[in-house]
Amino acid sequence: QVQLVESGGGSVQAGGSLRLSCAVSGPIKFNIFTCMGWLRRAPGQELEGIATIDNSGTTSYEDFVKGRFTISKDNAKNTLVLQMDSLTPEDAAMYYCAAGWTAGGRCRPAAALAYRGQGTQVTVSS
């Protein structure tokens with residue numbers, strides 16, 4: 001069974017940074033996933049995609065995180081990373097990682113990827 005386990009969440013003041021990690025285990029090896037991504041859900045809000053990265057390293061970001069968040073992969077550690085800088089209270093949410101495959105040579109939206117973790121909570125105080 002494929003497992004994605006997020007870590008690195010916590011509480012931070014506005015303007016601060018957090019680094020989220022997502023460890024992948026199970027019968028499907030990390031580098032077989034051609035598309036990986038991050039999503040979040042704030043209290044009372046819908047799930048929203050944040051960023052994706054494909055096997056070539058091509059990344060895509062939603063406008064509300066561009067210039068502040070960076071998605072990357074550590075293939076040696078089978079880990080997906082989300083570096084979050086300049087956090088605001090609006091970034092407070094449960095953050096999820098996701099893994100799947102590209103379609104037509106491009107990453108699917110993070111919400112459409114086949115596998116998702118249980119999430120890690122991020123709290124940002126003003």
Give me the atom names and distance for the closest heavy-atom approach of Val24 to Ile28.
CG1-O, 4.5 Å
With rounding to the nearest 0.5 Å, note down the distance linking OG in Ser11 to CG in Leu18.
8.5 Å
Pair listing, salt bridge (Lys or Arg N to Asp or Glu O under 4.0 Å) test, anchored in residues 91-120, at least two apart:
Arg40-Asp91, Arg68-Asp91
Should Tyr95 and Ile53 be regarded as members of a common hydrophobic cluster, given that ILVMFWY residues are connected when their side-chain heavy atoms come within less than 4.5 Å of each other, either directly or indirectly?
yes
If hydrophobic clusters are built from ILVMFWY residues whose side chains come within less than 4.5 Å, do Val2 and Met36 share one?
yes
Name every donor-acceptor pair, under 3.5 Å, that has one atom in a side chain of residues 69-77 and the other anywhere in the protein, sequence neighbours excluded.
unit_1 : atom_1 : unit_2 : atom_2 : d
Lys73  : NZ     : Asn55  : OD1    : 2.8
Asp74  : OD1    : Ala76  : N      : 3.2
Asp74  : OD1    : Lys77  : N      : 3.2

Look up atom CH2 in Trp101 and atom OG1 in Thr34, then write down how far apart they are to the nearest 0.5 Å.
7.5 Å
Of all the heavy-atom pairs spanning Ala98 and Ala110, show the shortest one and how long it is.
CB-O, 3.7 Å
Which residue pairs pass the disulfide bond (SG atoms under 2.5 Å apart) test when at least one of the two sits in residues 25-96, sequence neighbours left out?
Cys35-Cys107
Is the shortest heavy-atom distance from the side chain of Trp38 to the side chain of Cys22 under 4.5 Å?
yes
Can you tell me how far apart CZ (Phe30) and OG1 (Thr79) are? Round to the nearest 0.5 Å.
6.5 Å
Closest non-hydrogen atom pair between Ala51 and Tyr61, with its separation
CB-CD2, 3.5 Å
Transitive ILVMFWY cluster of Leu39, excluding itself - 4.5 Å side-chain cut-off:
Leu47, Met94, Tyr96
Show every donor-acceptor pair shorter than 3.5 Å between a side-chain atom in residues 117-126 and any protein atom, with sequence neighbours excluded, or say none if there are none.
unit_1 : atom_1 : unit_2 : atom_2 : d
Thr120 : OG1    : Gly9   : N      : 3.1
Gln121 : NE2    : Ala93  : O      : 3.2

For residues 16-30, the side chain to side chain donor-acceptor pair (under 3.5 Å) pairs (sequence neighbours left out) are Ser17-Asp85, Arg19-Gln83
Atom CG of Leu80 and atom CG of Leu20: how far apart are they, to the nearest 0.5 Å?
9.5 Å
Does Val65 belong to the same Ile/Leu/Val/Met/Phe/Trp/Tyr cluster as Val12, with side-chain heavy atoms less than 4.5 Å apart forming each link?
yes
